Participant: 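Have a look at the structure that comes next, please.
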Amino acid sequence: MALITTKQLSKSFKGTEAVKGIDLHIKEGVCTALLGPNGAGKSTTLNMLTGLMKPTSGSIAFDERYSGDRRQYIGYLPQYPKFYGWMTGEEYLVYAGQLGSLSKEDAKARAEELLKLVGLIDDRKKRIQGYSGGMKQRLGIAQALVHKPKLVILDEPVSALDPKGRREVLELMDKLKETTSILFSTHVLHDAEEICEEIFIINHGELIVSGDLQTLKKKYQQPTIYIETEEPIEDWSRTIKDSDWIRHMKVNKNELTISVTDIENARNALLTNEELRKLKIVNFEIVKTSLEDLFMEVTKA
Ligand SMILES: Nc1ncnc2c1ncn2[C@@H]1O[C@H](COP(=O)(O)OP(=O)(O)O)[C@@H](O)[C@H]1O
Ligand SMILES: [Mg+2]
């Protein structure tokens with residue numbers, strides 16, 4: 001069940017195409033990561049989903065069960081949240097609750113629930129300026145949950161944290177996903193692998209890969225054979241293209257990259273191929289790729 005579906009979602013700033021026609025399906029009841037390097041267009045995408053920013057073109061549709069003002073269904077923690085350092089954690093959440101039109105009494109009750117949920121109940125009377133990065137981020141998540149949203153959108157919630165803070169926040173998100181759908185952005189694949197079911201990798205405003213994390217991991221764990229020859233290899237590559245051990249091939253002048261289903265069959269077939277030998281092999285490599293490789297490839301400058 002898709003909670004949010006976007007079609008050709010795009011955003012341009014003067015001269016910059018930050019998001020270029022992205023189709024997203026954000027599912028309900030799972031944790032989804034929007035992955036990409038700095039400048040990929042993650043914050044811009046999330047800002048459009050929250051309604052803070054208007055798309056230049058394309059559409060955003062919510063599941064029909066959630067009609068009306070989408071802000072009631074979404075909680076949001078920006079990449080650089082601003083807190084009033086002189087407030088206590090508790091005061092801040094009561095304030096946030098009242099802004100979200102709860103009565104003072106309800107806001108207090110909700111603040112207490114949330115302080116417990118995010119593990120700040122013992123620190124509720126401390127001023128926020130004395131909080132660690134992880135505590136501030138957990139307070140920010142509590143704020144995003146004040147109105148019991150269906151989906152909470154967190155923009156790089158762990159990126160600025162030290163390992164301890166990162167752990168605290170990831171554990172909180174892991175607990176949270178039992179009750180609330182989560183969409184968060186990160187530039188670290190490992191963060192996504194730890195708690196997500198679904199990932200979308202974007203780069204330069206374009207969607208590169210999307211889907212179920214476990215399926216993608218398997219898909220990109222295919223062995224690959226890389227062959228380089230002295231003579232051009234393109235014509236020859238057509239002679240093997242229907243072999244049953246080939247998943248897909250990419251050819252470029254003297255280089256051929258073959259993703260294979262069965263490494264033994266592939267190796268035997270290739271190394272005994274007389275026509276291939278005539279092209280003078282200068283390099284024959286077997287590489288195991290992973291989602292990490294794909295991500296590295298995508299994110300390198
Ligand atoms: N308000 C803005 N005005 C102009 N350019 C912007 C603005 N916001 C973002 N951009 C540009 O859009 C691109 C994507 O930015 P952003 O969505 O912040 O990426 P990410 O969150 O993945 O780091 C970048 O090139 C950035 O410089
Ligand atoms: Mg960003």
Side-chain angles (χ1 to χ4, degrees), residues 3-26 31-60 70-71 74-83 133-134 136-141 143-144 149 151-163 165-166 169-170 172-173 176 181-196 198-211 213 216 291-301:
L3 191 56
I4 307 180
T5 306
T6 74
K7 291 214 176 94
Q8 292 299 302
L9 185 65
S10 305
K11 179 74 188 181
S12 297
F13 300 105
K14 281 179 198 134
T16 313
E17 272 187 277
V19 176
K20 303 172 190 165
I22 288 186
D23 294 346
L24 299 175
H25 295 265
I26 309 296
C31 177
T32 305
L34 186 61
L35 260 166
N38 268 338
K42 302 182 295 297
S43 295
T44 306
T45 302
L46 297 183
N47 281 329
M48 289 191 281
L49 296 181
T50 59
L52 287 170
M53 211 179 249
K54 247 177 99 79
T56 307
S57 60
S59 66
I60 302 172
R70 78 173 79 134
R71 283 174 300 186
I74 291 182
Y76 172 60
L77 177 65
Q79 186 165 3
Y80 306 107
K82 293 207 171 55
F83 297 104
K136 280 187 189 153
Q137 216 58 349
R138 284 183 284 141
L139 183 66
I141 293 175
Q143 165 275 128
L151 172 72
V152 56
I153 295 182
L154 312 171
D155 196 355
E156 304 236 17
V158 295
S159 299
L161 299 178
D162 62 13
R166 187 176 162 276
V169 173
L170 283 174
L172 170 60
M173 289 166 68
L176 195 60
S181 309
I182 301 178
L183 169 62
F184 80 103
S185 67
T186 174
H187 59 267
V188 182
L189 176 64
H190 191 73
D191 292 341
E193 286 184 324
E194 230 173 282
I195 55 168
C196 281
E198 295 268 316
I199 62 167
F200 291 91
I201 300 182
I202 63 171
N203 195 31
H204 300 305
E206 287 174 44
L207 188 60
I208 311 286
V209 170
S210 65
L213 177 63
L216 288 173
L291 192 56
E292 182 76 38
D293 294 322
L294 172 80
F295 190 61
M296 296 290 280
E297 179 69 28
V298 166
T299 56
K300 75 182 178 205

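Being a predicted model, the structure only gives us computed values, none of them experimental. Both ligands and their constituent atoms are indexed starting at 1 by order of listing.
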Participant: How many angstroms lie between atom NZ of Lys136 and atom CD of Gln143, to the nearest 0.5 angstrom?
Facilitator: 14.5 Å
Participant: Collect the protein residues that have a non-hydrogen atom under 4.0 Å from ligand 1 and hand them over in chain and number order.
Facilitator: Phe13, Thr16, Ala18, Pro37, Asn38, Gly39, Ala40, Gly41, Lys42, Ser43, Thr44
Participant: Can you find a side-chain donor-acceptor pair between Tyr76 and Asp155 that sits under 3.5 Å?
Facilitator: no
Participant: Which distance, rounded to the nearest 0.5 Å, do you find between the CZ of Phe184 and the CG of Leu170?
Facilitator: 6.5 Å
Participant: Measuring from Cys31:SG to Leu176:CG, what's the distance to the nearest 0.5 Å?
Facilitator: 9.0 Å
Participant: Who are the side chain to side chain contact (heavy atoms under 4.5 Å, CB included) partners of Gln8, not counting sequence neighbours?
Facilitator: Asp23
Participant: Between atom OG1 of Thr32 and atom CD1 of Ile153, what is the distance when rounded to the nearest 0.5 Å?
Facilitator: 10.0 Å
Participant: Under the salt bridge (Lys or Arg N to Asp or Glu O under 4.0 Å) test, which residues partner Glu194, sequence neighbours left out?
Facilitator: Arg166, Arg167
Participant: Measure the spacing between CG of Leu189 and CE of Met296 and express it to the nearest 0.5 Å.
Facilitator: 10.0 Å
Participant: What is the number of protein N/O/S atoms located under 2.8 Å from the Mg ion (ligand 2)?
Facilitator: 2
Participant: Please evaluate residues Leu35 and Val209 with respect to the criterion side chain to side chain contact (heavy atoms under 4.5 Å, CB included), reporting the C-alpha separation (whole Å), side-chain torsions for both, the decisive distance (0.1 Å), and the verdict.
Facilitator: CA-CA 10 Å; Leu35 260 166; Val209 170; over 6 Å; no
